[in-house]
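Here's the structure, in structure tokens; my notes come after.
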Amino acid sequence: MEKQQLTQTNSARKTGGLNPFITIVILIALGILIYIFFFGAKGNFQGETVDGKPLNFMGIIHKGGIIVPILISFVLMVLVFSIERFFIIGKAEGTGSLTRFVNEIRKLLDKNQINDAISLCDKQKGSIGNVVKEGLISYKALANDTTLNKEQKLASLNKTIEEATTLEMPMLEKNMTILATIASIGTLVALMGTVIGMIKAFFALGDGGGSPDAAALSVGISEALVNTALGIGTSALAIIMYNFFTSKIDTLTFKIDEVGLSIQQSFASHH
């Protein structure tokens, strides 16, 4: 019964976090509004009209064209989902040092103090604590099981730990694909804006005949560079955050594997 309750708790936890579809739609709408009302504010342009010459950097960004709202939305997505992952993974790490927790669990296992180890898992309140607790509950049940031999008990214990880990991983990895996707397509979307800007620039060269329109030429080049800068910055930020959170997830996974192996070794030596 206790194992079933823990499994239900883990199943509920893995569905936590922001709903990606709703969040993305909201952020795209917010990016468009920021582009229109913040970067496109009248005070950012000469003559207080978006057709005027930009007076500051915000006006220059607004002149980047129709791709800029998409890139602004990408920046917002990276920020929002990074903050969400920071809190979710931080919660999954639980309280206190993971290394200290693993060492204390090992000491209790060496003394065969399973109940104390389960109590320590309750205090840890993280993903590793959840996995270890379910493994220890199975440990107790298998220790009193007379229907299985030692090899079968070890196989059952290993399966329990693997299943508990599988239940925790979706919660840790949720929305990570969004950061990875933005890291990949951010520069490609920006490249589209860059190409559009360069098309405008070359059109200005040819449209003027013998005397190119210098103003139109500079606007096209400026649009291209604004998109390039936003795309590179967005992709770089997404790559940094993705690698940061991947590293933290890998650390958690390693600790879970480490303590899971200790549980199996302890069971093999004591039973």
Side-chain angles (χ1 to χ4, degrees), residues 1-17 85 87-177 180 242-271:
M1 180 66 180
E2 188 174 4
K3 181 178 178 179
Q4 182 180 2
Q5 291 176 345
L6 182 58
T7 301
Q8 291 173 347
T9 300
N10 283 335
S11 297
R13 285 188 55 163
K14 74 177 182 177
T15 59
R85 286 296 88 196
F87 284 107
I88 293 294
I89 295 177
K91 184 179 179 181
E93 290 178 338
T95 58
S97 168
L98 288 177
T99 302
R100 188 185 307 116
F101 171 75
V102 171
N103 291 335
E104 290 177 354
I105 289 291
R106 280 178 165 178
K107 291 178 182 178
L108 293 172
L109 288 172
D110 290 339
K111 299 175 183 178
N112 202 28
Q113 296 176 348
I114 306 304
N115 290 329
D116 291 338
I118 291 175
S119 298
L120 186 61
C121 292
D122 290 332
K123 294 178 182 177
Q124 204 271 339
K125 298 178 181 179
S127 290
I128 185 172
N130 291 337
V131 174
V132 174
K133 180 179 178 179
E134 188 154 352
L136 293 173
I137 291 173
S138 178
Y139 184 113
K140 288 179 62 179
L142 291 169
N144 299 321
D145 192 333
T146 58
T147 62
L148 301 175
N149 59 39
K150 187 172 183 178
E151 287 74 18
Q152 290 174 325
K153 290 180 179 180
L154 285 172
S156 178
L157 181 59
N158 180 59
K159 182 179 179 181
T160 299
I161 295 172
E162 287 182 352
E163 288 176 348
T165 304
T166 302
L167 285 170
E168 290 293 332
M169 292 310 295
M171 183 269 296
L172 296 175
E173 297 176 347
K174 182 179 179 182
N175 296 332
M176 288 291 291
T177 53
Y242 177 81
N243 289 336
F244 173 74
F245 292 124
T246 299
S247 176
K248 295 180 78 67
I249 292 171
D250 288 344
T251 299
L252 273 172
T253 304
F254 174 76
K255 293 296 182 184
I256 289 174
D257 292 341
E258 184 180 2
V259 75
L261 181 61
S262 297
I263 292 173
Q264 295 177 65
Q265 290 175 340
S266 175
F267 187 90
S269 61
H270 288 99
H271 302 282

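Note that these values count all heavy atoms, side chains included, but never hydrogens, waters or copies made by symmetry. Just so it is clear, the model here is predicted, and its values are computed rather than measured.
Remark: Lys248 engages Glu93 in a salt bridge (charged side-chain N to carboxylate O under 4.0 Å, His left out) (not counting sequence neighbours). For Asp257, there are no side chain to side chain donor-acceptor pair (under 3.5 Å) partners, not counting sequence neighbours. Checked against side chain to side chain contact (heavy atoms under 4.5 Å, CB included), Leu154 has the following partners two or more places apart in sequence or in another chain: Lys150, Phe267, Ala268. Asn144 pairs by the side chain to side chain donor-acceptor pair (under 3.5 Å) definition with nothing, not counting sequence neighbours. Scanning for side chain to side chain contact (heavy atoms under 4.5 Å, CB included) contacts around Leu261 gives Gln265, with sequence neighbours left out. Residues satisfying the side chain to side chain donor-acceptor pair (under 3.5 Å) test with Asp122, not counting sequence neighbours, are Lys133. Considering only residues two or more places apart in sequence or on other chains, Asp250 meets the side chain to side chain contact (heavy atoms under 4.5 Å, CB included) condition with Thr246. Glu162 pairs by the side chain to side chain donor-acceptor pair (under 3.5 Å) definition with Asn158, not counting sequence neighbours.
A ring-ring contact (aromatic ring centres under 6.0 Å, His included) check over residues 113-138, counting only residues at least two apart or in different chains, returns nothing. The list of ring-ring contact (aromatic ring centres under 6.0 Å, His included) pairs with a residue in residues 89-138, not counting sequence neighbours, is empty. Residue pairs meeting the side-chain hydrogen bond (donor to acceptor under 3.5 Å, both in side chains) criterion with at least one partner in residues 97-106, sequence neighbours excluded, are Thr99-Lys255, Arg106-Glu258, Arg106-Ser262.
Across all non-hydrogen atoms, the minimal contact from Thr160 to Ser138 is OG1-OG, 3.4 Å. Residues Ser269 and Ser266 share a closest heavy-atom pair of OG-O, 2.9 Å. When every heavy atom of Leu167 is checked against every heavy atom of Pro170, the shortest pair comes out as O-CD, 3.6 Å.
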Could you go through residues 107-121 and list every donor-acceptor pair under 3.5 Å that involves a side-chain atom there, pairing it with any protein atom two or more places apart or in another chain?
unit_1 : atom_1 : unit_2 : atom_2 : d
Asn112 : OD1    : Tyr139 : OH     : 3.3
Asn115 : OD1    : Lys140 : NZ     : 2.8
Ser119 : OG     : Asn115 : O      : 3.1

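Of the possible polar contacts, one joining the Thr95 side chain to the Lys123 backbone as a donor-acceptor pair under 3.5 Å is found.
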Going through the distances and angles, do Thr166 and Met169 end up as a side chain to side chain contact (heavy atoms under 4.5 Å, CB included)?
-> CA-CA 5 Å; Thr166 302; Met169 292 310 295; 5.9 Å; no
Please lay out, stage by stage, how Asn130 and Lys125 fare under the test side chain to side chain contact (heavy atoms under 4.5 Å, CB included).
-> CA-CA 7 Å; Asn130 291 337; Lys125 298 178 181 179; over 6 Å; no
Stepwise side chain to side chain contact (heavy atoms under 4.5 Å, CB included) check, Ile88 with Met171 | CA-CA 8 Å; Ile88 293 294; Met171 183 269 296; 3.3 Å; yes
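Rounding to the nearest 0.5 Å places CD1 of Ile128 at 10.5 Å from CD of Glu168. Note that OG1 of Thr251 and CD1 of Ile256 are 11.0 Å apart. Values are rounded to the nearest 0.5 Å. Rounding to the nearest 0.5 Å gives a distance of 5.5 Å between CG of Leu98 and CG of Leu252.
Inter-residue side-chain proximity for Glu134 and Glu163 is flagged as unmet; no heavy-atom pair is nearer than 4.5 Å.
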